[in-house]
Colleague: 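Pasting a structure here, questions to come.
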Amino acid sequence: LAKTTQPISMDSYEGQEVNITCSHNNIATNDYITWYQQFPSQGPRFIIQGYKTKVTNEVASLFIPADRKSSTLSLPRVSLSDTAVYYCLVGDEGAAGNKLTFGGGTRVLVKP
Amino acid sequence: GAVVSQHPSRVICKSGTSVKIECRSLDFQATTMFWYRQFPKQSLMLMATSNEGSKATYEQGVEKDKFLINHASLTLSTLTVTSAHPEDSSFYICSARGLAGLPSTDTQYFGPGTRLTVL
């Protein structure tokens with residue numbers, strides 16, 4: 001399983017764009033990159049998933065360079081309710097029984 | 001779509017009793033379900049992986065006789081904490097991964113978690 005490295009914490013202000021970069025140097029060919037958001041005392045919530053280049057949905061964008069050794073989650077115009085822990089995970093979830101290994105995550109604090 | 005529920009959301013029990021936690025995929029069939037444990041201010045730790053109709057695969061250091069997992073159908077998995085002790089107090093979270101295309105097999109969807117407190 002590819003190991004991931006993320007910053008422990010980030011502070012931001014309402015209305016700003018937040019970019020969280022995750023390193024995954026030993027990502028395998030079949031691995032996808034998935035980001036989850038977790039609020040206290042809740043289960044993680046799926047944000048976005050990608051394999052290469054750029055993926056965008058109504059919540060966030062995910063930028064993946066050609067070498068796929070890192071990825072950046074971009075949250076546009078954050079609000080106070082975006083304060084949470086964000087996890088970057090890498091794995092071949094398409095493989096039967098394959099599992100996710102959670103790293104430490106990035107604690108994002110959005111200030112007024 | 002892709003909703004996973006857990007029951008109960010919160011449970012308090014006495015030391016030595018057993019507690020069962022249910023995990024259900026409400027709008028899709030889950031070929032694989034996962035159980036995690038999370039202590040305060042820490043990340044999620046995978047406990048076991050279960051596939052419908054077969055025995056669960058436990059992570060190293062997780063006692064399979066203490067944490068009994070049953071994946072009886074494509075929509076239900078249960079975790080039973082047997083003879084619970086205060087050190088088992090934690091936040092237990094399940095996740096489910098669907099059949100091909102319903103939803104994507106590349107994504108796990110998580111339940112809301114169950115807070116277990118053992119007195």
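Labels below follow one simple rule: chain letters A, B, ... track the order of the sequence lines, proteins then strands, and each chain is numbered from 1.
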Colleague: Can you establish whether the number of heavy atoms outside A/I8 located under 6.0 Å from its atom CD1 is more than 12?
Modeller: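 Result for CD1/A/I8: open.
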Colleague: Is B/L46 in contact with chain A via its backbone, its side chain, both, or neither, using a 4.5 Å heavy-atom distance?
Modeller: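 Side chain only.
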Colleague: Specify which of A/R107, A/Q38, A/R45 makes the most heavy-atom pairs with chain B at under 4.5 Å.
Modeller: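 Among A/R107, A/Q38, A/R45, the one with the most close pairs to chain B is A/Q38.
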Colleague: Is B/R115 atom CZ crowded by more than 12 heavy atoms from other residues, nucleotides or ligands, each under 6.0 Å away?
Modeller: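 Enclosed: over 12 neighbouring heavy atoms sit under 6.0 Å from CZ of B/R115.
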Colleague: What heavy-atom pair brings B/I93 and A/G43 nearest, and what distance separates the two atoms?
Modeller: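 Closest approach of B/I93 to A/G43: CG2-CA, 4.2 Å.
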Colleague: Identify which one of A/F46, A/Y87, A/F102 satisfies the ring pair (Phe, Tyr, Trp, His ring centres under 6.0 Å) criterion when paired with B/F110.
Modeller: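 Between B/F110 and the candidates, ring pair (Phe, Tyr, Trp, His ring centres under 6.0 Å) is satisfied uniquely by A/F102.
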Colleague: Group every Ile, Leu, Val, Met, Phe, Trp and Tyr by side-chain heavy-atom contacts under 4.5 Å, then state whether A/V59 and A/V78 land in the same group.
Modeller: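 In one cluster with A/V59: A/V78, yes.
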Colleague: Out of B/Q38, B/Q42, B/M45, return the one with the most heavy atom pairs under 4.5 angstrom to chain A.
Modeller: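 Of the candidates given, the most pairs with chain A belong to B/Q38.
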Colleague: More than 12 heavy atoms of other residues, nucleotides or ligands under 6.0 Å from NZ of B/K66: is that the case?
Modeller: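 Result for NZ/B/K66: enclosed.
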Colleague: Are B/F34 and B/L116 connected in the hydrophobic side-chain network, where two residues link if heavy atoms are under 4.5 Å apart?
Modeller: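 Hydrophobic grouping puts B/F34 apart from B/L116.
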Colleague: Could you look at B/Q6 and say if it's the side chain, the backbone, both or neither that has a heavy atom under 4.5 Å from chain A?
Modeller: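 Contact with chain A: none, neither part.
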Colleague: Do other residues, nucleotides or ligands put more than 12 heavy atoms under 6.0 Å from A/F39 CZ?
Modeller: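 Count over threshold, so yes.
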Colleague: Do A/V85 and B/S43 have side-chain heavy atoms sitting under 4.5 Å apart?
Modeller: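 With C-beta onward as the side chain, the pair stays apart.
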